[in-house]
*Asks:* 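The structure follows.
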Amino acid sequence: MPPKKRPRVGKRSESSGKSDDAVGPSAAGRKRKAAAGDGCESAGVPVYSHWLMKSEPESRFENGVDVKFGIEDLKALPDQTSCWDGVRNYQARNFMRQMKEGQLAFFYHSNCKEPGVAGLMKIAKEAYVDHTQFDKKDVHYDVSSKPDNPKWSMVDVRFQRMMKRFVPLSELKKHHLQHRADGGPLKDVALFTRARLSVQPLTSEEFDFILSLEVKEPH
DNA sequence: GCCAACGTTGGC
DNA sequence: GCCAACGTTGGC
């Protein structure tokens, strides 16, 4: 149980299932070339230090439960801290398991009017068991997961700050397309190359570039 | 272990 | 609300 009362976190219910129970960056990384982790690799496995985490800022009902959880909701909590529960995708889970306390993550608004990067959070607690997998009443209950061998993990995140301006997906996409042509920092960014992942890694270059946009004129 | 069918994500 | 992309399931 997380320190704070948990708000519902809006991550999409990424269909639970089995298969890739591997620990480590992505057993689906077979597909991906070890695209430059961060200059930091061990045994060919990229080590990431920055993240992007998606949540839905607008109301949407899943089994009668509102999964809305935007950055304002995180900011409004007593400690501005929340667990990031409900992730039910192995790749996303594995990325969460790699997160280290103090690392930065973008809070990304998805499935809404204006998708994009809303702010910054810090990893406040490293991966631990997501108790909602055992809660029959929870939207993300997983009947196949047993307490003696839990499948799903979560981290705690703490609100850091809002972006100086909201950086919309459309703008990131323009840069991505440009960078694909000119080799710029967003050419391989997971947001577009692995669009459906709700927890994504960013290289330092990708993170810095996106962050730099907040003080530039909208494109 | 292949792969078609199915279900979900999430931009548009 | 549509639907492309893609992860998961399960028959074989």
Side-chain angles (χ1 to χ4, degrees), chain A residues 8-35 48 51-74 84-98 105-119 121 130 132-133 138-146 149-154 163 166-180 186-202 206 210 213 218-219:
Chain A
R8 172 97 290 97
V9 170
K11 282 86 53 302
R12 333 305 320 283
S13 46
E14 302 152 288
S15 64
S16 42
K18 25 196 89 201
S19 74
D20 164 15
D21 205 11
V23 182
S26 55
R30 34 184 127 95
K31 254 182 121 174
R32 227 186 5 146
K33 44 171 165 239
Y48 295 100
W51 312 95
L52 179 147
M53 302 170 82
K54 299 179 182 177
S55 188
E56 303 184 37
E58 295 172 8
S59 283
R60 187 174 65 81
F61 290 86
E62 224 175 283
N63 305 336
V65 180
D66 193 353
V67 296
K68 168 186 188 293
F69 188 72
I71 194 164
E72 298 291 353
D73 298 303
L74 177 62
W84 203 265
D85 64 331
V87 171
R88 297 291 182 270
N89 169 282
Y90 287 105
Q91 290 175 235
R93 178 203 70 178
N94 292 346
F95 283 130
M96 284 202 298
R97 288 182 177 178
Q98 292 179 55
F106 287 125
F107 194 124
Y108 177 89
H109 282 172
S110 70
N111 204 19
C112 56
K113 270 291 177 39
E114 195 173 31
V117 175
M121 338 181 250
D130 178 348
T132 65
Q133 67 198 296
D138 195 277
V139 173
H140 300 116
Y141 173 64
D142 182 355
V143 68
S144 73
S145 183
K146 302 299 170 200
N149 187 20
K151 274 190 184 174
W152 306 111
S153 303
M154 62 187 181
M163 295 295 272
F166 184 86
V167 180
L169 178 65
S170 58
E171 182 175 340
L172 293 170
K173 189 170 205 168
K174 284 178 196 161
H175 288 293
H176 169 62
L177 293 174
Q178 180 64 41
H179 290 179
R180 267 191 352 193
L186 295 193
K187 68 172 166 19
D188 292 322
V189 73
L191 192 55
F192 301 105
T193 60
R194 310 171 71 188
R196 292 173 40 194
L197 253 194
S198 70
V199 176
Q200 312 188 343
L202 291 170
E206 290 166 344
I210 293 170
L213 295 177
H219 251 292

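Chain naming here is simple, since letters A, B, ... match the order of the sequence lines and numbering starts at 1 in each.
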*Asks:* Take the angle between the ring planes of A/H179 and A/H175 and call it parallel below 30°, perpendicular above 60°, tilted in between.
*Replies:*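 It falls in the tilted class, 30° to 60°.
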*Asks:* OP1, OP2 of B/dC12 versus side-chain N and O of A/K173: anything below 4.0 Å?
*Replies:*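 Result: yes.
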*Asks:* Could you state the atom-to-atom distance from CG of A/L191 to P of B/dT9 in whole Å?
*Replies:*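 Roughly 16 Å, once rounded to whole Å.
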*Asks:* Nearest whole angstrom, please: distance from the P of B/dG11 to the CZ of A/F192.
*Replies:*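 Those two atoms, CZ and P, are 9 Å apart.
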*Asks:* Which whole-number value in Å describes the distance from A/L197 CG to C/dA5 P?
*Replies:*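 Rounding to the nearest Å, CG of A/L197 and P of C/dA5 are 17 Å apart.
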*Asks:* Among B/dG11, C/dT8, C/dG7, which nucleotide sits nearest the side chain of A/S110?
*Replies:*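 Nearest listed nucleotide: B/dG11.
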*Asks:* Would you kindly give the CD-to-C1' distance between A/E56 and B/dG10, to the nearest whole Å?
*Replies:*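 It is 8 Å, rounded to the nearest whole Å.
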*Asks:* To the nearest angstrom, how far is A/N111 atom CG from B/dT9 atom P?
*Replies:*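 Distance check: A/N111 CG to B/dT9 P gives 9 Å.
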*Asks:* Rounded to whole angstroms, how far apart are CD on A/E114 and C1' on B/dC12?
*Replies:*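 After rounding, the gap between these two atoms is 13 Å.
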*Asks:* I need the A/L172 CG to A/Y108 OH distance, nearest 0.5 Å.
*Replies:*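 Reported to 0.5 Å precision, the distance equals 7.5 Å.
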*Asks:* Could you tell me whether a side-chain N or O of A/D130 sits under 3.5 Å from a main-chain N or O of A/G86, the two making a donor and an acceptor?
*Replies:*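 Yes.
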*Asks:* Examine distances only and state if a side-chain atom of A/D66 and a backbone atom of A/R60 form a donor-acceptor pair shorter than 3.5 Å.
*Replies:*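 A pair under 3.5 Å: yes.
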*Asks:* Provide, to the nearest angstrom, the distance between the CZ atom belonging to A/R60 and the C1' atom belonging to B/dG11.
*Replies:*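 The distance from CZ of A/R60 to C1' of B/dG11 comes to 14 Å, rounded to the nearest Å.
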*Asks:* Check every atom of C/dT8, B/dT9, B/dG11 against the side chain of A/L169 and return the nucleotide holding the closest atom.
*Replies:*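 Out of C/dT8, B/dT9, B/dG11, the nucleotide with an atom closest to A/L169's side chain is B/dG11.
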*Asks:* Output yes when at least one side-chain N/O atom of A/K54 is less than 4.0 Å from OP1 or OP2 of B/dT9, else no.
*Replies:*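 Negative; the distance criterion is not met.
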*Asks:* Nearest whole angstrom, please: distance from the C1' of C/dG7 to the CD of A/Q91.
*Replies:*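 A/Q91 atom CD is separated from C/dG7 atom C1' by 8 Å.
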*Asks:* Please classify the nucleic acid contact of A/Y108 as base, sugar-phosphate, or nothing, using heavy-atom distances under 4.0 Å.
*Replies:*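 If one applies the 4.0 Å heavy-atom cut-off, A/Y108 turns out to touch the sugar-phosphate alone, with no base involved.
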